[in-house]
Number of protein chains: 2
Amino acid sequence: MPVRITADDVAKAAGVSRAMVSRAFTPGASVSAKKREHVLAVAQTLGYRPNLIARGLTGQRTGLIAVVVGEISRPYEAWLLEHLAQALSAHGYQPLLLPMFKDASLTEILDHALAYQVDGAIVAAGSVSREVADRCRASGAPLVLIGRVLEKSETDAVCCDNSKGMHLLVDRLVRQGRRRIAWLGGTLDTFSDQERQLGVEQALAHHELALTAQLRGDFSLHSGVEEGGRLLDAGLALDGIMCANDAMALGVVEAAAQRGIKVPDEVAITGFDDVPGAAWGRCPLTTVRNPVRETALAALRLLDARLQTPGRATQVVRVGVTLIERASA
Amino acid sequence: MPVRITADDVAKAAGVSRAMVSRAFTPGASVSAKKREHVLAVAQTLGYRPNLIARGLTGQRTGLIAVVVGEISRPYEAWLLEHLAQALSAHGYQPLLLPMFKDASLTEILDHALAYQVDGAIVAAGSVSREVADRCRASGAPLVLIGRVLEKSETDAVCCDNSKGMHLLVDRLVRQGRRRIAWLGGTLDTFSDQERQLGVEQALAHHELALTAQLRGDFSLHSGVEEGGRLLDAGLALDGIMCANDAMALGVVEAAAQRGIKVPDEVAITGFDDVPGAAWGRCPLTTVRNPVRETALAALRLLDARLQTPGRATQVVRVGVTLIERASA
DNA sequence: CTGAAAGCGCTTACAG
DNA sequence: CTGAAAGCGCTTACAG
């Protein structure tokens, strides 16, 4: 059996009390510089590190932050997770990864995380109910939402300006003379899907236009190929297909290519997010940049602020988007 | 301040001892079914869940498994992480995500995780030294490697058959009459890069051929575009470019398209991994399937086995690969 | 600045 | 089957 070196061992070896060892490892504790140095040196040679689990028990912070994301193999989620993990590590937090699989219950997932005494949670998947938010608050673990906003719930959130993004894209298409535009939505009951579709409709209405058709995929490239194909085969003489995210747009590009339909000459295709792959391949995507890094940093800032001052006012950060003009529209 | 409900609260409310509460939550503990039911019911209404942090302190398992991966935004890593996270959750483990950023030290990263009393670690990034392996063993946290093998180190590992994969690809190219083949390698000092390049060289030698040229990227699509472009511009009359992974191969496809070079007519391009995106885009990739799901499951199996019987013999699992024939070669 | 003591929330022998 | 007690490794008032 491996021997765990404890603060007691270090205390004995250094000829001090156990409390001293603890203080040596606590920045800002009152210890003489000399003693701290000595204790730290002894700890070093013994290979001692404070047991963070034990520390968490004394009511201290554990440093654990629950991170709930959707399917990691999707470009946007992977990209966001990377920035989130990086930002958390950089701030001394440790991400406890909670992947949401189909039909998983956010409540159960978060409950489990709460049992680990996470200091807080960042949720970028699933639909968050008031109930879930309340439960987290009750446990003293602040919740920060990404890509979804829970109205009147006093829950901090950061979300990109979906409506603005869609207006930028619609304006471009209309300026190109496109009038017969279809919408390929994402998974039903998804916050971003709803905001984006609403944005498209409002932007079109602004030009006294309406959607010619609409279909729904599941945000995956594959569903883009399938549903995009259906839209193209419907004989609607579409001149534009707007998608709820890049992955589906890339799928529609594929579907068009399979049918020998020229993009953007015959039909324009737009995405959303500007994931790394959007710039490459058959037809670089005209899309809207969803600033992932900025989003991750904002989420962390909100979490930190809430941890520092639990009573502060709820804040919803809307990060800005940019139109990215490429070949597909 | 939020009130934490403890086992004591439940004990009082249920009229039993604290030990009873603990037993009620311990499968297989000796409690009368009646009592357990009662305690569980009371716990339920009070909203009690055992504090896993406290449980971890008593020497129990924490259920935490450190998962070290490289850049998550890369398709293969994301894909692997997804399967890993899924497998771990399904087995009641909780992944503690430890992303390896450039020039991070695996030792430090794992040390930090060890301070959280992780039950074990799965490492799929960085180069693992004997030192790191020993340190983990000393802490009683078994280490399982993915995609790398540490010779004579008594470290369990699961890795795909890189050599076999490369032989499959080389044989195909040679059968197509290709003779002037270049190699685009990945990041230096990477286990899979080394095994794959060695595999290519041996397979070529088998046909009494040798590499016409070689260059090195960093496994990213971008580096594939850059270095692939260089290879194509070198005036070497190449008829095949083999890449250490799919992302770079996709980049080379791009570079060829930019130059109006026909794939596979003028030059064949091969990848490795068969990531989700390999089947789509400008030119579907001929590649080798790296069975990610099987890999994740095998890693978990090794971890479980080691946790059960610490003394068992070291095991290195080589998962099989399959040739995936598509348009690019 | 430093040490002895109490306590964080749980589990596990030890008696019964 | 059940309870009282000790202990996991740490931190934090409390004295000095």
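To find a chain, count down the sequence lines: A is the first, B the second, and so on, and within it residues start at 1. Excluded from the calculations below are hydrogen atoms, water molecules and symmetry mates; all remaining heavy atoms, backbone and side chain alike, are included.
A:Asp193 is linked by a salt bridge (charged side-chain N to carboxylate O under 4.0 Å, His left out) to A:Arg216, counting only residues two or more places apart in sequence or in another chain.
Shown for residues 20-42 of chain A: residues whose heavy atoms fall under 4.0 angstrom of DNA chain D, namely A:Ser22, A:Arg23.
In terms of position along DNA chain D, the nucleotide closest to B:Ser17 lies nearer the 5' end than the nucleotide closest to the other residue of the pair A:Arg55 and B:Ser17.
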After noting the C-alpha distance and the side-chain angles of B:Arg74 and B:Glu71, does the key distance pass the salt bridge (charged side-chain N to carboxylate O under 4.0 Å, His left out) rule? CA-CA 6 Å; B:Arg74 298 215 174 131; B:Glu71 290 185 40; 3.6 Å; yes

Run the numbers on B:Leu81 and A:Leu81 for side-chain contact (heavy atoms from CB on, under 4.5 Å), then give the verdict. CA-CA 11 Å; B:Leu81 181 56; A:Leu81 181 57; 3.9 Å; yes

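Between B:Arg137 and B:Asp134 there is a salt bridge, since a side-chain N of the basic residue sits under 4.0 Å from a carboxylate O of the acidic one.
Using a 4.0 Å heavy-atom criterion, one finds that A:Ala19 contacts the bases of the nucleic acid, with or without backbone contacts as well.
By the 30° and 60° cut-offs, the orientation of the rings of A:Tyr93 relative to A:His91 is parallel. Between A:Tyr116 and A:His112, the ring-plane angle classifies as perpendicular under the 30° and 60° cut-offs.
The outermost nucleotides of DNA chain C lying under 4.0 Å from heavy atoms of chain A, listed 5' to 3', are C:dC1 to C:dG9.
Other residues, nucleotides and ligands place no more than 12 heavy atoms under 6.0 Å from the CZ atom of A:Arg293.
Both distances falling under 3.5 Å, in either a Watson-Crick or a G-U wobble arrangement, place D:dG3 opposite C:dC14.
There is no side-chain donor-acceptor pair under 3.5 Å between A:Gln117 and A:Thr62.
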